[in-house]
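Take a look at the structure set out below.
From a predicted model like this one, the values you see are computed outputs, not experimental measurements. Computed over heavy atoms, backbone and side chain alike; hydrogens, waters and symmetry mates excluded. First the proteins, then the strands, lettered A, B, ... as listed; each starts at 1.
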2 protein chains.
Amino acid sequence: MVESNFALDLIFGALADATRRDILKRVSRGKHTISELAEFYAMSLAAVAKHVSVLEKAGLITKRRSGKEKVIHVEPKTIEVAAAHLSEYEQLWGARFDALEKLLAENRTGGG
Amino acid sequence: MVESNFALDLIFGALADATRRDILKRVSRGKHTISELAEFYAMSLAAVAKHVSVLEKAGLITKRRSGKEKVIHVEPKTIEVAAAHLSEYEQLWGARFDALEKLLAENRTGGG
DNA sequence: TTATCATTCAACCATATGGTTGAATCAAAT
DNA sequence: ATTTGATTCAACCATATGGTTGAATGATAA
């Protein structure tokens, strides 16, 4: 019946745009205000503010007021939700190529 | 300057729809034809075919002709591209909460 | 209080997206 | 050669998305 999982719609939808991924990258490195962010892009401030709002609705970032400005923070938990979902596909497929699995195997057998 | 990275636009865009995520999940478990997949959803065959086409353009699945049918296969490498991208944000943020990092630390120190 | 800076809101526009139906193609079976 | 089954294509529709501009709001500084 396709459980709607609106959260994932918003998260992946937010990640589907290069400007928003770039904003998320900058914000992952450290806090920024909207107008600081806007300087990097060839579009209006309002357009950047909309992108930030999309990221916020997806739960990928939060805004905190600080004086006149609003400071954008990354919300790493939400990124992990998306990452966890992707690993579901890999688990279903039975791939388990990744380094984590390799290390787990090594740990189990005591190998190095 | 926001490197467009069209591939990621398509991958995350494809994942932003619940029907497509469900198709990807089913296909991750095993091969399916378009009309098999279509039985699960309350929409026309053509609509499902469009969703499959979006997944294909993103490189998340491939179609192979087999007689009259076309069989859909998952393309796990592409899922890993998306997963790797997500882990970039986490690395930028400096989080490294995950089990992989823990194990790496244990391996480095020889702990168990 | 007024001016200023940062952000948001509203209206608008063009294009993309997700769905429909009906016709067209492609491969196999009769 | 014709029929049947599976998929694709084309035209169409409604709504969402990504951008614009100009006005409104919020918070500080003068």
With under 30° as parallel and over 60° as perpendicular, where do the rings of B:H32 and B:F40 fit, or are they tilted in between? perpendicular
When rounded to whole Å, the CE to C1' distance for the pair A:M43 and C:dA14 reads 16 Å
Taken to the nearest whole Å, CD1/B:I34 to P/C:dT25 is 19 Å
Walking DNA chain D from its 5' end, the first of A:G67 and A:L45 to be reached, judged by nearest nucleotide, is A:L45
Rounded to whole Å, CZ of B:R20 lies from C1' of C:dA16 at a distance of 12 Å
Rounded to whole Å, the CZ-P distance (A:R65 to D:dT25) equals 14 Å
Between B:T33 and A:A16, the residue closer to the 5' end of DNA chain D by nearest nucleotide is B:T33
Separation of D:dC9 atom P from B:K50 atom NZ, nearest Å, is 12 Å
Regarding the side chain of B:A46, the nearest nucleotide among D:dA6, C:dT7, D:dC9 is D:dC9
Exercise. Taking A:S28 for the side chain and A:L24 for the main chain, is one N or O donor matched with an acceptor at less than 3.5 Å?
Worked result: yes
On a heavy-atom basis, the closest approach of B:V48 and B:A38 is CG2-CA, 3.9 Å
What nucleic acid atoms does A:S44 come within less than 4.0 Å of, heavy atoms only: base, sugar-phosphate, or nothing?
base
Below 4.0 angstrom from OP1 or OP2 of D:dG26, is there any side-chain N or O of A:K70? no
#### Entry: Test side-chain contact (heavy atoms from CB on, under 4.5 Å) applied to A:H51 and A:Y41, step by step
CA-CA 11 Å; A:H51 281 305; A:Y41 311 105; over 6 Å; no
>> Just to be sure I understand the rule, does A:T19 reach a base, reach only the sugar-phosphate, or reach nothing, if contact means heavy atoms closer than 4.0 Å?
In response: nothing
Separation of D:dA29 atom P from A:E69 atom CD, nearest Å, is 11 Å
Walking DNA chain C from its 5' end, the first of A:V71 and B:G13 to be reached, judged by nearest nucleotide, is A:V71
Of all heavy-atom pairs linking A:A58 and A:L10, the shortest is CB-O, 3.4 Å
To the nearest angstrom, the CG-P distance between B:D9 and D:dT17 comes to 15 Å
Of D:dG19, C:dT7, D:dT7, the nucleotide closest to the side chain of A:S35 is C:dT7
Here the distance between atom P of C:dT7 and atom CZ of A:R64, to the nearest Å, is 15 Å
Side-chain contact check for B:K68: nearest option of C:dA28, D:dG19, C:dT8 is C:dA28
(message) Once you apply a heavy-atom cut-off of 4.0 Å, does A:S53 come out as touching a base, just sugar-phosphate, or nothing?
(response) nothing
